[in-house]
> 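The following block contains the structure, expressed as structure tokens.
Atoms within a ligand are numbered from 1 in the order they appear, just like the ligands themselves. Here the structure is a predicted model, which means the values were calculated and not measured.
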Amino acid sequence: VKFGVLAVQGAFGAHIAILEHLGVPAVEVRRPTDLDGLDALVMPGGESTAMSRLLETSGLAEPLSQRLSAGLPVLGTCAGMILLSREVLDGRADQRCFGAIDLAVRRNGYGRQLASFETDVAVRELGAPFPAVFIRAPVVEELGPGVEVLAEVDGLAVVCRQGPVWVTSFHPELGNDHRLHELFLSRVAGP
Ligand code: GLN
């Protein structure tokens, strides 16, 4: 499989390091031609408003949107989750989202006190709990009937999947646990 990691802004380096560790070299996606021949994509955490702007100026937004509509497998984490959702609450008016997964998310939805925290999360299809780092994370406020919830924290969905689109509101690339990437990889690359 040929993997790409969206690299216009944010925490793309850690995702690339994990994929390399798992034996999957990944290309940095910065311009439209970087999407050519990709079998799967990671959209990292960072700042979704900045990423949205850079996706437009780089010319990536349209071709990426087309690849997503055509079923490109994608793992979106934190800001990546925001960009993949159907609706963004508390976003900037001109912020783009791709509607690749049927979620409405609220940016920075955990509030000031809980802006950043770490907690162990039980994820379906993984064994032991996953140490999850949340940084100004989005909260899932609505989810459509086609969305599977793989993990929740305090009744809020934090890992969701709809077909080839996987999202986490936390940062699975921070820390030494690579099981979420492995799980995504095993589904994308086949059993
Ligand atoms: N709050 C950020 C946003 O709105 C997301 C934070 C993150 O990716 N760690 O894009």
> Which donor-acceptor pairs under 3.5 Å do the side chains of residues 11-22 make with protein atoms, sequence neighbours left out?
{"residue": "His15", "atom": "ND1", "partner": "His181", "partner atom": "NE2", "Å": "2.9"}
{"residue": "His15", "atom": "NE2", "partner": "Thr77", "partner atom": "OG1", "Å": "3.3"}

> Locate the shortest heavy-atom distance separating Val165 from Ala100; write the atom from each residue and the value.
CG2-O, 3.6 Å

> If you count every heavy atom of other residues, nucleotides or ligands that lies below 6.0 Å from Asp94 atom CG, does the total exceed 12?
yes

> If you count heavy atoms of other groups shown closer than 6.0 angstrom to CZ of Arg136, is the number above 12?
no

> Run through ligand 1 for me and note each protein residue having a heavy atom under 4.0 Å from it, chain first, then residue number.
Gly45, Gly46, Glu47, Ser48, Cys78, Ala79, Ile82, Arg107, Asn108, Ile135, Arg136, His171

> Can a salt bridge be assigned to the pair Arg96 and Glu62 using a cut-off of 4.0 Å between side-chain N and carboxylate O?
yes

> I'd like to know if Arg179 pairs up with Glu125 as an ion pair, taking the criterion as any Lys NZ or Arg NE/NH1/NH2 lying under 4.0 Å from an Asp or Glu carboxylate oxygen.
no

